[in-house]
2 protein chains.
Amino acid sequence: MSPAPTPRPRDAATPRSRDRDATARGLMQAAIRVLARDGFTALGPNAVAAEAGCDKKLIYRYFGGMDGLLESLGEDIALWLAGPPPELPEGAAYGNRIGTLLSAYAEGLRGDLALQRLLAWELAETGAPLRKLDAARSAAFGQWVGGMLRGSSPPAGVDAPAVNAVLLAALHYMTLARRSMGRFAGLDLATPEGQARLDAALAFLVDRAYGPAPEDAP
Amino acid sequence: MSPAPTPRPRDAATPRSRDRDATARGLMQAAIRVLARDGFTALGPNAVAAEAGCDKKLIYRYFGGMDGLLESLGEDIALWLAGPPPELPEGAAYGNRIGTLLSAYAEGLRGDLALQRLLAWELAETGAPLRKLDAARSAAFGQWVGGMLRGSSPPAGVDAPAVNAVLLAALHYMTLARRSMGRFAGLDLATPEGQARLDAALAFLVDRAYGPAPEDAP
DNA sequence: TTCATAAGTCACCGATTGGGGACATGCAAG
DNA sequence: CTTGCATGTCCCCAATCGGTGACTTATGAA
């Protein structure tokens, strides 16, 4: 899920590669580019084919339509979450792991416009192809985070999955709001200061949630 | 911002009211209904006029187009956040107020499909008319919450606006995710149990954020 | 070299979109 | 009663949409 290696609005001189796999890949990357640039409302056969520089008919021949193309995109997990997991000290506490994991993911998400557009899409529409895309993305993400938490467990009495979901949801929302509105709930997300306050608030909540409970201190 | 008092797909027998203000209001309410039912991707002149049961030409005559209609919707703050503020004990602590306020808002948001659609819209697209709509909504919300927090202040050392923004963002995201995907980050949001875990996690975070700091305990 | 087949292109279809011009009609002022 | 005007309706427009049939052309096997 990166902006795309090859900016491939067809060169009119080159006589088309006549290589099915290559053009199919080109269509997939074009779809990602269109999604990143113009959002899901513009993600149609016409736009994708124009971006890829070939005829839209090939979308139907090779993928059976846009739904099939999206499905193929979901299966190609290599395109998702390209960044390697962040380094972690051996015996790091659960809260520490969640904190660094969250900020690493935040940085990756901020740089991945297509992923942002996909998240917004998931919130706006329902539909079978979208569900499959989300399932693939969720699975990849789950694996990414799962491997990083292996061997450490949250403090007792804390519903860690629910708390983590809340923090992740907040991160998603504010990242999307930053791009589209630039501000949210009175905070200016466009400025580095606003962004810093947000990151600090997230870190603060992680610390309070997974640090020692108030009554634990002697 | 409620589903609409009058389900007004024109009665073919009644010969049209010939009342400019009434039809203008009807168009606004129709727009809200279309937004709630089909989402912002379907919110066009054709759909709104069909829903209102009159000709789309009137949208251009009375509002100058869809953008003007949306702007008028924003100015009509009476349609937003109809619910009255929840009751609060006199000397309630800041954390308590945030908690009850958050859950009251959550309940209202869950029941207001049009507002949900609007939030998703704001995350998906940019544009002048949308910005004005959001500004109106944000202002109304700010007043709603502002009045309820008057006279109490957060614990020192806590960036309350940022923390509240995070919690609110999480609430928004999970409410939208519940409607569209039904699940998020491994949590099943459709079941009452999942919803309860989420509410509990939010309350837990509020408590930890605004309760006594770990080192405060003797 | 021939030739079947797949890769690619082009032109077209019906439906729907966001608009606007031309016209009918009811109401209220004269 | 007549007349002016705002209200409402109808029909048309160009553009775009998703989708497909018919065609050309390159390539690899015989």
Side-chain angles (χ1 to χ4, degrees), chain A residues 6 8-31 34-35 37-73 121 125 127-130, chain B residues 6 8-31 34-35 37-73 121 125 127-130:
Chain A
T6 331
R8 192 192 289 243
R10 272 301 312 304
D11 184 339
T14 57
R16 195 96 279 271
S17 43
R18 224 169 176 88
D19 175 342
R20 170 171 180 153
D21 289 14
T23 41
R25 276 196 307 272
L27 281 168
M28 292 200 244
Q29 295 174 350
V34 170
L35 180 62
R37 175 165 17 94
D38 305 319
F40 69 91
T41 55
L43 192 63
N46 293 307
V48 170
E51 172 71 22
C54 66
D55 199 275
K56 59 180 169 180
K57 184 69 182 289
L58 303 183
I59 295 178
Y60 298 93
R61 260 224 268 282
Y62 297 158
F63 302 97
M66 277 301 296
D67 292 5
L69 204 167
L70 293 177
E71 198 168 336
S72 295
L73 268 185
W121 194 3
E125 285 192 348
L130 207 37
Chain B
T6 332
R8 191 193 289 243
R10 274 301 313 304
D11 185 337
T14 56
R16 192 98 285 267
S17 41
R18 223 171 177 86
D19 175 343
R20 169 171 181 153
D21 289 14
T23 43
R25 276 197 306 272
L27 281 169
M28 292 200 244
Q29 294 173 351
V34 170
L35 180 63
R37 174 167 16 94
D38 305 320
F40 68 91
T41 55
L43 193 63
N46 293 307
V48 170
E51 172 72 22
C54 65
D55 199 276
K56 58 180 169 182
K57 184 68 183 290
L58 302 183
I59 295 179
Y60 298 94
R61 259 224 268 281
Y62 297 158
F63 301 97
M66 277 301 295
D67 292 6
L69 204 168
L70 293 178
E71 199 168 337
S72 296
L73 268 185
W121 193 3
E125 285 193 348
L130 207 38

Distance-only donor-acceptor test, B/Lys57 side-chain atoms vs C/dG19 base atoms, 3.5 Å: no
Presence of A/Tyr60 side-chain N/O under 4.0 Å of D/dG21 phosphate oxygens OP1/OP2: no
C/dG8 phosphate, OP1 or OP2, under 4.0 Å from A/Thr23 side-chain N/O: yes
Which whole-number value in Å describes the distance from [X] [atom1] to [N] [atom2]?
X	N	atom1	atom2	answer
A/Leu58	C/dC10	CG	C1'	12 Å
B/Asn46	D/dT9	CG	C1'	15 Å
A/Arg25	C/dA7	CZ	C1'	15 Å
A/Leu69	D/dG19	CG	P	12 Å
A/Leu43	D/dG18	CG	P	9 Å
A/Phe40	D/dC17	CZ	C1'	17 Å
B/Ile59	C/dT17	CD1	P	12 Å
A/Asp55	D/dC23	CG	C1'	12 Å

Listed nucleotide nearest any side-chain atom of B/Lys56, set C/dC10, C/dG20, D/dC17: C/dG20
Closest to the A/Tyr62 side chain, choosing from D/dG21, C/dA22, C/dG8: C/dG8
Dump the pairs, protein N or O against N or O of nucleotides 27-29 of chain C, anything under 3.5 Å, distances to one decimal.
none

Do you know which two heavy atoms are closest between [X] and [Y], and how far apart they sit?
X	Y	result
B/Ile59	B/Pro45	CD1-O, 3.7 Å
A/Ser72	A/Met28	CB-SD, 4.1 Å
A/Leu73	A/Ala31	CD1-CB, 4.2 Å
B/Ala52	B/Gly26	CB-O, 4.1 Å

Upstream residue (5' side of DNA chain D) when B/Arg61 and A/Arg61 are each assigned their closest nucleotide: B/Arg61
Mutual orientation of the aromatic rings belonging to A/Trp121 and A/Phe40 [parallel < 30°, tilted 30-60°, perpendicular > 60°]: parallel
Residues that A/Glu125 engages under salt bridge (Lys or Arg N to Asp or Glu O under 4.0 Å), provided they are two or more places apart: none
Main-chain N/O of A/Leu58 paired with A/Asp55 side-chain donor or acceptor, under 3.5 Å: no
